[in-house]
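Here's the structure, in structure tokens; my notes come after.
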Amino acid sequence: MKNRLLVTAALPYANGYIHLGHIAGAYLPADIFVRFKRLCSEEIIFVCGSDEHGTAIEISAMKENVTPREIIDRFHFANKDAFAKLGISFDIYSRTSNEIHHKTSQDFFLNLFDKNLLVQKTEKQLYSEKDKRFLADRFVEGTCPICGYEEARGDQCEKCGSNLTPLELKDPKSKISGDTPVVKESINFFFPLEAFQPKLEEWIKGKTNWKPNVKNYCEGWFKTGLKDRAITRDLDWGVKVPVKNTEGKVIYVWFEAPIGYISATKELFIERGTPEKWKDYWCEEDTRMVHFIGKDNIIFHAIVFPAMLMAHGGFVLAENVPANEFLNLDGAKLSKSKGHGILVKDVVESFNPDVVRYSVASNMPENKDSDFSWEDLQSKNNNELAAILGNFINRTVVFAKNKFDNKIPARVSGEVPEIFAYIKSQKKVIEDCYNNYKFRDALNETMNIARAANKYFNDSEPWKVIKTDEAKCGEIINDCLEIAHSLAIAIAPVIPFTSEKILKVLGKDNSDFSWDKIGDLVLKGDTELGENEILFPQIELAAPKEEEVVVVEENLITIDDFKKVKLATAVVIHAEAVPKSKKLLKLKVKCGSKEKQIIAGIAEHYSAEQILNKTVLIVDNLKPAKLMGLESQGMLLAAKIDGKLKVITVDGEIADGADVS
RNA sequence: GCCGGAGUAGCUCAGCUGGUUAGAGCGUCGGAAUCAUAAUCCGCAGGUCGGGGGUUCAAGUCCCUCCUCCGGUACCA
């Protein structure tokens, strides 16, 4: 029986804060899986760490005029802390700047080198005499040979989107010193990926339980043919190449980073005082290794890293690579650079981590990119966590408190109601979901227990029974408390903090806290219950700022102040309600030769039809603002008093686009 | 450009190798109940499955084509 599990989650790059997209893609599914397996008492470790080398970090350091070490320290500790607050339960969160990692990846490199597996190729590269170094792609800036853009990067022109090599750039300059580099030859080592293609194809063909998107993606690569990849670079910041005459070269991050999983495992067992035990996980054939990643990482975990492990020999290969798609925010992709993202470190400050975990888990991008929104989080909290789960626990515990002296009422009849059989059958259903990496289904099936629990409470009507038969009523409440205990176990992988709270309320230790106890009767009658608390208070999200339709200005202004405001006539050529908004209409107005989108807060007073074709006054030079995610490029003037609102129109016919003063 | 993925009820998503009236959660609406955080329970309604063409007795599910979005990768044959 294979039951030793090695679970990895993609190493976050220590050049930025992790956001909700990362969580949804890799860390939360990994954590849920691991927590489930721990409940099943499987031997398991969960390793991760910061990926801390590479050009991007070096560039960040230069920009801020600090050392790379400062950059990686900042993000490593911040991310480690954010993960912890969100309850991501790594056994170790290491970092690739650690000595043990440098040693491990150098040994790995040497192993391949000694076997003569590495190919050396001479390449032309840009070299800066002034900087005394070869310039990596991103350290070069110049004129794009295709569109003529003068600030194209060495790897890509941001203007026209062409991918480039530094040698193609016209008039290249070093980003470090502005120096004009020269072309120089540099010898680099290559990993013979091409040679491993047959073995990889064979290996992946046998993986019948992999997600189809992952398999298809790999097959796509095989079709075009794998190519050898450079594994060394001319850089300072990184793991030094452990071979003579390679000064100024480091091991390319893509090669060295995944070895971080091995280094982290070694570190973990050194900490635990059993330094040799890492081999059980990496070298024993009955270990099952699972890599949790986002879809951007498939090639490295399903093709490159396995090929590296094959080349080295003596290591287990991944049993599965359950890659997730991406999580979008309000329909648009999460992006650090565009400021469109939710950082974990921020979200855990303002929300219960379990609410975040739940809302992300219930909408995990398992098969396709999925959409996250704050409204969704609110609705998941209020309508599901609070209404279904929280409410069940609360109504049960409050009932016991009020009618049974805050103690667990005793069972008397010796009968076990049917719902416990249902719970046990759900336990199997949920297990299957987890074992097939279907986390959303697992969660929904878990919540079905809570739904059934509420139904049981309703149907049993303890509030009526208590009037005629107190012992029977007590038994119903005992049932419900037992159900709560089962729920605490079943839901623990997803919302571990809440699970603990439920246990505390039940006055129960964790002696029966294991997966196989779901559906069992484990509570002792007459036990005092713990202090009850509302598990999920309602979340009221602040309403999005809606446009102030009328600016009431009490203070006097000068004519110059007034001239700053450019007013114009415009005709409404399109109008529609903004979904989920009471007050907003989305308008398209024509103002002379241009068209503008204006989000106006008049829906309570005008329907789309009523405003259509009216000639109105607008503020033309208002700074655009976003309302309910829609850009508003101006403001409609209207008169408002005592809750009555009328749009300002023009007396008689005049063309749109006319100045107003 | 090329490779892979996605476009299904108001919203967020399921639909394995083609087969009875296309499913779930949430929301909406109607009813019941009142122990509980106005929380629960029962019931109804909601989709010509991105557009167009084709294969088949039968297609959301296969093929072709077009459009949109996401990821990867590339001017190398």
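So that the names make sense, note that chain A is the first sequence line, chain B the second, and so on, each numbered from 1.
For the pair A:N383 CG and B:A24 C1', the interatomic distance rounds to 16 Å; values are reported in whole Å. Between the C1' atom of B:C3 and the CD atom of A:Q197 lies a distance of 13 Å, rounded to the nearest Å. For A:F326 and B:G5, the CZ to C1' distance is 11 Å, given to the nearest whole Å. A:N324 has its CG atom 11 Å from the P atom of B:A14, to the nearest Å. If you measure from atom CG of A:D376 to atom P of B:U12, you get 8 Å, rounded to the nearest angstrom. Atom C1' of nucleotide B:A36 and atom CD of A:Q538 are separated by 12 Å, given to the nearest angstrom. At whole-Å resolution of the value, CZ in A:F222 and C1' in B:G72 are 15 Å apart.
The side chain of A:K455 sits closest to B:C42 out of B:C42, B:C76, B:U37. Distance from the side chain of A:E384 is smallest for B:G25 among the nucleotides B:A39, B:G25, B:G5. Of all nucleotides listed (B:G5, B:G25, B:U40), B:U40 comes nearest to the side chain of A:N454. Of all nucleotides listed (B:G4, B:C13, B:G27), B:G4 comes nearest to the side chain of A:K223. Closest to the side chain of A:D369, out of B:C13, B:C41, B:C70, is B:C70. Of the candidate nucleotides B:U37, B:C76, B:G25, B:G25 has the atom lying nearest to any side-chain atom of A:N444.
Using atom C1' as the reference point in both B:G30 and B:C66, the two lie 45 Å apart (nearest Å). Between the P atoms of B:A6 and B:G43, the separation comes to 34 Å (whole Å). Taking atom C1' on both B:A22 and B:A38, the two are 35 Å apart, rounded to the nearest angstrom. Rounded to whole Å, the separation between the P atoms of B:C49 and B:C62 comes to 15 Å. Taking atom P on both nucleotides, B:G54 is separated from B:A45 by 34 Å, rounded to a whole Å. Separation of the P atoms belonging to B:G25 and B:U34 is 26 Å when rounded to the nearest angstrom. Comparing B:U55 with B:G18, their C1' atoms are spaced 12 Å from each other, to the whole Å. When the C1' atom is used for both B:G53 and B:C41, the distance is 50 Å, rounded to whole Å.
With sequence neighbours excluded, the residues satisfying side chain to side chain contact (heavy atoms under 4.5 Å, CB included) with A:K407 are A:D405, A:D526, A:E528. The salt bridge (charged side-chain N to carboxylate O under 4.0 Å, His left out) check on A:E533 picks up nothing, with sequence neighbours excluded. For A:I59, the side chain to side chain contact (heavy atoms under 4.5 Å, CB included) partners at least two apart in sequence or on another chain are A:K63, A:R138, A:F139. For A:E201, there are no salt bridge (charged side-chain N to carboxylate O under 4.0 Å, His left out) partners, not counting sequence neighbours. The ring-ring contact (aromatic ring centres under 6.0 Å, His included) search around A:W210 returns A:W203, not counting sequence neighbours.
For A:F292 and A:Y27, the ring centers are positioned 6.0 Å apart or more. Aromatic ring centroids of A:Y261 and A:H301 lie under 6.0 Å apart.
Across all strands, A:S370 comes closer than 4.0 Å only to sugar-phosphate atoms, never to a base (heavy-atom distances). Nucleic acid contact for A:I388: sugar-phosphate only, since backbone atoms but no base atoms lie under 4.0 Å from a heavy atom of the residue. Note on A:K211: nothing from the nucleic acid sits closer than 4.0 angstrom, heavy atoms only. Residue A:T224 is classed as having no contact, given no heavy-atom separation below 4.0 Å to the nucleic acid. As judged by a 4.0 angstrom heavy-atom cut-off over every strand, A:A387 is placed among residues touching the sugar-phosphate backbone only.
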Give the table of side-chain donor-acceptor pairs shorter than 3.5 Å for residues 448-457 of chain A, with sequence neighbours excluded, one pair per line with atom names and distance.
{"from": "A:N448", "atom 1": "OD1", "to": "A:R451", "atom 2": "NH1", "distance (Å)": "2.8"}
{"from": "A:N448", "atom 1": "ND2", "to": "A:E445", "atom 2": "OE1", "distance (Å)": "3.2"}
{"from": "A:R451", "atom 1": "NH1", "to": "A:N444", "atom 2": "OD1", "distance (Å)": "3.3"}
{"from": "A:N454", "atom 1": "OD1", "to": "A:R395", "atom 2": "NH1", "distance (Å)": "2.8"}
{"from": "A:N454", "atom 1": "ND2", "to": "A:I388", "atom 2": "O", "distance (Å)": "3.0"}
{"from": "A:K455", "atom 1": "NZ", "to": "A:D459", "atom 2": "OD2", "distance (Å)": "3.0"}
{"from": "A:Y456", "atom 1": "OH", "to": "A:D479", "atom 2": "OD2", "distance (Å)": "2.5"}

Mind listing the side-chain donor-acceptor pairs of residues 485-506 of chain A below 3.5 Å, one per line with the distance, residues two or more places apart or on another chain?
{"from": "A:S486", "atom 1": "OG", "to": "A:G519", "atom 2": "N", "distance (Å)": "2.8"}
{"from": "A:T498", "atom 1": "OG1", "to": "A:D354", "atom 2": "OD2", "distance (Å)": "2.6"}
{"from": "A:S499", "atom 1": "OG", "to": "A:A488", "atom 2": "O", "distance (Å)": "2.6"}

Restricting both atoms to N or O, compile the protein contacts to nucleotides 28-35 of chain B shorter than 3.5 Å, with distance only.
{"from": "B:C35", "atom 1": "O2", "to": "A:R395", "atom 2": "NE", "distance (Å)": "3.2"}
{"from": "B:C35", "atom 1": "N3", "to": "A:R395", "atom 2": "NE", "distance (Å)": "3.3"}
{"from": "B:C35", "atom 1": "N3", "to": "A:R395", "atom 2": "NH2", "distance (Å)": "2.5"}
{"from": "B:C35", "atom 1": "N4", "to": "A:R395", "atom 2": "NH2", "distance (Å)": "2.8"}

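When each of A:F392 and A:M364 is assigned the nucleotide of RNA chain B bearing its nearest heavy atom, the one mapping closer to the 5' terminus is A:M364. Residue whose closest nucleotide on RNA chain B sits further toward the 5' end, between A:P212 and A:N382: A:P212.
The side chain of A:K368 places an N or O atom within less than 4.0 Å of a non-bridging phosphate oxygen (OP1 or OP2) of B:A14. For A:N367, a side-chain nitrogen or oxygen approaches OP1 or OP2 of B:A14 to under 4.0 Å. Residue A:N216 places at least one side-chain N or O closer than 4.0 Å to OP1 or OP2 of B:G5.
The side-chain hydrogen bond (donor to acceptor under 3.5 Å, both in side chains) analysis of residues 380-389 of chain A, with sequence neighbours excluded, yields the pairs A:Y358-A:E384, A:S362-A:K380, A:D376-A:K380, A:N382-A:Q538. Residue pairs that meet the salt bridge (charged side-chain N to carboxylate O under 4.0 Å, His left out) test with at least one member in residues 214-228 of chain A, sequence neighbours left out, do not exist here.
Glycosidic conformation of B:G5 is anti; the angle lies outside 90° of 0.
No donor-acceptor distance shorter than 3.5 angstrom exists from the side chain of A:E366 to the backbone of A:N324, with no hydrogens or angles considered. A donor-acceptor pair is defined here as one N or O able to donate and one able to accept, closer than 3.5 Å; such a pair exists between the side chain of A:H22 and the backbone of A:H19.
Rounded to the nearest 0.5 angstrom, A:K424 NZ and A:I419 CD1 are separated by 13.5 Å.
Helical stems involving RNA chain B, defined as 3 or more consecutive Watson-Crick or G-U pairs under 3.5 Å, span B:1-7 with B:67-73, B:10-13 with B:23-26, B:29-32 with B:40-43, B:50-54 with B:62-66.
A heavy atom closer than 4.0 Å to some atom of RNA chain B occurs in A:K295, A:D296, these being the qualifying members of residues 290-305 of chain A.
A cation-pi arrangement is present between A:K295 and A:F326 under the rule of less than 6.0 angstrom and at most 45 degrees off the ring axis.
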